[in-house]
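Notes follow once the structure below has been shown.
Quick note on labels: first sequence line is chain A, next is B, and so on, each numbered from 1.
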Amino acid sequence: MKISFAHLWVHDQDEALAFYTEKLGMEVRADITLAELGDFRWLVVGPAEQEEIGIALMAVPDGNPMFDPETTEQIRTLTAKGASGSVFLTTEDCRADYEQLSARGVEFIDPPEQRPYGIDCGFRDPSGNHLRLTQPQEIEVPTA
Amino acid sequence: MAFPPPARHLLRARDLADGRYAEPLSVNDMAAAAGLSRAHFSREFRRAFGISPHAYLLTRRLERAAALLRTTDNSVAEICLAVGLTSVGSFTTSFRRAFGRTPTAYRAAHPPASQLARVPACIVRAYARPQHRTFREDSAAGAA
């Protein structure tokens, strides 16, 4: 069994697409609008280094049979409150990425910090989803 | 372009407290980050996150102070300043209210080995932030 893709709720797919491609440098894996499904837009992005893994950027269904209006509103609000999904990313140079992403206007929650497991920082996408960027490091566990 | 739900602006204010707690940050700065008036902001923030912005900022600072007590040998006064608080007296009082013991006793009760746990920093932050308690709860806490 392998992970193929997972989804994030976004409040605006165009804005999310620009963020994940132009700011994070991901690739577009699929961008298909299906008229027969009420113009459902299947939008998937993924990191260039991992062809087999993608993130589907899903618009919260509105006015279709999937969710009632109350559920739609709850998902939109929970995402905006940062209580929806998280994505954990790894990198070879957390501090360099932080500088580069900051310069592109990415909103960081916490700057790079040394942790027992490596260096990491956190930021948000425009919808409020939490992304964590870690540069993993092997730790020396002292033995008695 | 869809407008983000109003809670997205409140999350931006909460992120400001999480990211820049070490600076002389106030509720006014948080309100400005959300683009709301101070009174309206405090009401909306509490409605979204169940805690006043002032209490959120304070408990974030106390959580960070607790982490520094566990993982560094900096003095209590240094840690107080490092998390954006200015009065060591009020810091000690607030800390005791939140964690049930003074900063010095808290440090003594935590072996430094706890820092080797490989739990992502965002989890530590989310779960270690103390419940906010007011002075009205002091006698109850003292009796416990």
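- Contact of A/Asp14 with chain B is not made at all, since no heavy-atom distance falls under 4.5 Å.
- The residue among A/Arg124, A/His130, A/Arg132, A/Glu113 with the most heavy atom pairs within less than 4.5 Å of chain B is A/Arg124.
- In this structure, B/Asp15 CG and A/Ile109 CD1 are separated by 4.5 Å, a value rounded to the nearest 0.5 Å.
- Here A/Thr79 contributes atom OG1 and B/Leu11 contributes atom CG; the two are 10.5 Å apart, rounded to the nearest 0.5 Å.
- Put simply, A/Ile53 and A/Val45 are part of two different groups of oily side chains (I, L, V, M, F, W, Y) that touch within less than 4.5 Å, one to the next.
- For residues 26-36 of chain B, heavy-atom neighbours of chain A at less than 4.5 Å comprise no residues at all.
- For B/Arg14, the part lying under 4.5 angstrom from a heavy atom of chain A is the side chain only.
- At a threshold of 4.5 Å between side-chain heavy atoms, the hydrophobic network of Ile, Leu, Val, Met, Phe, Trp and Tyr places A/Ile75 and A/Phe40 in one connected group.
- Summarising the local packing, CD of A/Gln114 is surrounded by more than 12 heavy atoms from other residues, nucleotides or ligands at distances under 6.0 Å.
- In the hydrophobic clustering of ILVMFWY residues, with side-chain heavy atoms under 4.5 Å counting as a link, B/Val76 and B/Leu81 come out apart.
- Under the 4.5 Å side-chain heavy-atom criterion for ILVMFWY residues, no single connected hydrophobic cluster contains both A/Val44 and A/Val28.
- Using a 4.5 Å cut-off between non-hydrogen atoms, the part of residues 80-98 of chain A that approaches chain B consists of A/Ala80, A/Lys81, A/Gly82, A/Phe88.
- The stretch residues 44-54 of chain A participates, sequence neighbours left out, in no side chain to side chain donor-acceptor pair (under 3.5 Å) pair at all.
- When the candidates B/Gly19, B/Cys122, B/Pro6, B/Ala17 are compared by the number of heavy-atom contacts under 4.5 Å with chain A, B/Cys122 comes out ahead.
- By the neighbour-count criterion of 12 heavy atoms within 6.0 Å, atom CG of A/Leu34 is densely surrounded, having more than that number from other residues, nucleotides or ligands.
- Connection of A/Phe19 to A/Met26 is established within a shared hydrophobic cluster, with ILVMFWY side chains joined at heavy-atom distances below 4.5 Å, either directly or through further cluster members.
- Neither the backbone nor the side chain of A/Gln13 comes within contact range of chain B, judged by heavy atoms closer than 4.5 Å.
- When heavy atoms are compared at a cutoff of 4.5 Å, A/Thr134 does not approach chain B at all.
- Contacts from residues 54-66 of chain B to chain A, taken as heavy-atom pairs separated by less than 4.5 Å, involve B/Arg64 in sequence order.
- Within 6.0 Å of atom CG in A/Asp68, more than 12 heavy atoms from other residues, nucleotides or ligands are found, so the atom counts as buried in its surroundings.
- Here the side chains of B/Arg8 and A/Arg76 are not in contact, with every heavy-atom distance at 4.5 Å or above.
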